[in-house]
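Everything on this sheet refers to the single structure shown next.
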Amino acid sequence: MAVVVVTDSSASLPAELVAELDIVVVPLHVLAGDRTIREGIDPIDIDYGSDEVSTSAAAPGELRAVYERALQRSDGAGVVAVHLSQQLSATWEAGRQAIAELGSERIRLVDSLGAGLATGLPVLAAGRRAAAGEGMDAVHEAADAAARRARTFILVNRTEQLRKGGRLSTAASFFGSELVTKPLLQIVEGRLELREKVRTRSKAYSRLVAAAVEAAGGEPAAVGVQHLGAADAAATVAGQLREKLPDVTELVQVEFGPALAVHLGVGAVGVVVLPGGCGS
């Protein structure tokens with residue numbers, strides 16, 4: 001049997017890729033009033049601008065059950081679990097606890113150092129190695145190496161929810177600035193940081209594309225483009241990246257899932273660049 005790759009729903013991978021590579025996806029939770037909604041499983045109808053909506057990580061017990069089933073399915077080949085950055089969510093730590101409780105050496109845990117397709121593209125790299133019949137060490141290395149190569153940039157309309165949730169610096173330079181500037185964020189070593197503030201939205205999109213092109217470094221690269229309620233802008237950004245990057249090996253374009261959208265807000269557009277690609 002093949003190594004089984006597990007991830008969480010923040011990875012935002014299209015259903016056809018998940019099915020093709022037989023990837024196991026653990027839902028994160030969206031909390032809306034007295035409701036706990038499992039991302040990717042339960043119907044979701046929420047106001048992304050509401051202060052009453054929040055998120056929670058997968059619990060150790062949930063991950064333990066998933067890892068245990070995946071290990072059984074692998075018939076001893078092993079499990080590689082790739083989760084969103086431990087700087088942004090408690091999911092990675094919950095995974096560590098679950099593995100410790102199981103006491104298995106056949107489960108490897110990878111911090112993707114990102115979220116969204118910055119988790120999803122390393123999952124693809126791992127899943128393709130697993131589908132090719134490679135062993136647990138090779139699958140783990142593929143995910144870990146891809147996570148370290150990936151670069152993420154996100155343009156948002158507001159940062160209030162990110163600051164409230166402790167996912168972004170509360171430096172004074174942020175406050176009051178979003179009425180006249182657009183924050184362009186980046187993920188650095190798993191942490192979400194301000195890259196620059198741009199005066200107009202059109203200029204902000206240009207800076208987003210420029211940052212992605214710079215991150216590719218002239219190499220062939222896989223690209224992920226995500227958005228929330230900004231399909232036209234995302235399509236434009238994707239088109240510009242195809243024109244400006246010398247060799248786009250793969251382009252995945254999806255919406256941000258609810259667990260990320262709650263924090264990023266409507267109008268967010270993000271780009272992930274993975275130099276060297278995800279394999280094939």
Side-chain angles (χ1 to χ4, degrees), residues 6-15 18 23-66 81-95 97-98 112 114-120 123 152 154-170 174-175 178-179 182-183 185 187 190-192 224-234 253-270 272:
V6 176
T7 189
D8 55 74
S9 57
S10 79
S12 307
L13 287 171
V18 171
I23 294 163
V24 177
V25 180
V26 181
L28 301 183
H29 303 148
V30 176
L31 311 178
D34 59 356
R35 294 182 296 154
T36 298
I37 305 166
R38 297 169 298 172
E39 182 176 42
I41 297 178
D42 300 326
I44 294 183
D45 180 17
I46 58 175
D47 176 6
Y48 288 113
S50 172
D51 289 339
E52 296 182 0
V53 180
S54 61
T55 60
S56 68
E62 292 177 275
L63 291 171
R64 175 175 175 165
V66 170
V82 186
H83 293 299
L84 75 165
S85 169
Q86 61 182 303
Q87 304 288 339
L88 301 175
S89 168
T91 301
W92 184 93
E93 174 59 24
Q97 292 178 34
S112 74
L117 287 173
T119 300
V123 169
T152 303
I154 309 170
L155 180 64
V156 297
N157 284 327
R158 60 178 176 83
T159 59
E160 182 180 0
Q161 289 297 97
L162 290 167
R163 291 198 305 263
K164 283 182 177 179
R167 291 169 175 84
L168 184 65
S169 166
T170 55
F174 282 111
F175 292 106
E178 291 158 29
L179 295 177
K182 303 301 178 186
L185 311 177
I187 296 181
R191 295 185 298 273
L192 195 59
V225 178
Q226 291 187 260
H227 71 92
L228 180 64
D232 290 345
Q253 188 172 332
V254 294
E255 277 201 301
F256 285 111
L260 296 180
V262 165
H263 302 288
L264 296 173
V266 175
V269 178
V272 179

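- Note: S112 OG to L88 CG = 8.0 Å, rounded to the nearest 0.5 Å.
- In this structure, the side chains of H29 and E39 stay at 4.5 Å or more apart for every pair of heavy atoms.
- Put simply, CG on L63 and OG1 on T91 are 7.0 Å apart, with the number rounded to the nearest 0.5 Å.
- Contact detail for A57 and A90: the closest heavy-atom pair is CB-C, 3.8 Å.
- Of all heavy-atom pairs spanning A234 and V269, the tightest one is CA-CG1, 4.4 Å.
- From Q97, atom CD reaches atom CZ of R64 across 12.0 Å, with rounding to the nearest 0.5 Å.
- The closest side-chain heavy-atom distance from L228 to E255 is below 4.5 Å.
- With a 4.5 Å cut-off on side-chain heavy atoms, E62 and R38 do not count as touching.
- For the pair P60 and A98, the tightest heavy-atom approach, listed with the atom from each and the gap, is O-CB, 3.5 Å.
- The shortest heavy-atom contact between A268 and V156 is CB-CG1, 4.2 Å.
- No side-chain heavy atom of L28 sits under 4.5 Å from any side-chain heavy atom of T55.
- For the pair L185/L155, no side-chain contact is recorded, criterion being any heavy-atom separation below 4.5 Å from C-beta on.
- Between L84 and W92, the closest heavy-atom pair is O-CB, 4.1 Å.
- In this structure, the side chains of I154 and L264 come closer than 4.5 Å at one or more pairs of heavy atoms.
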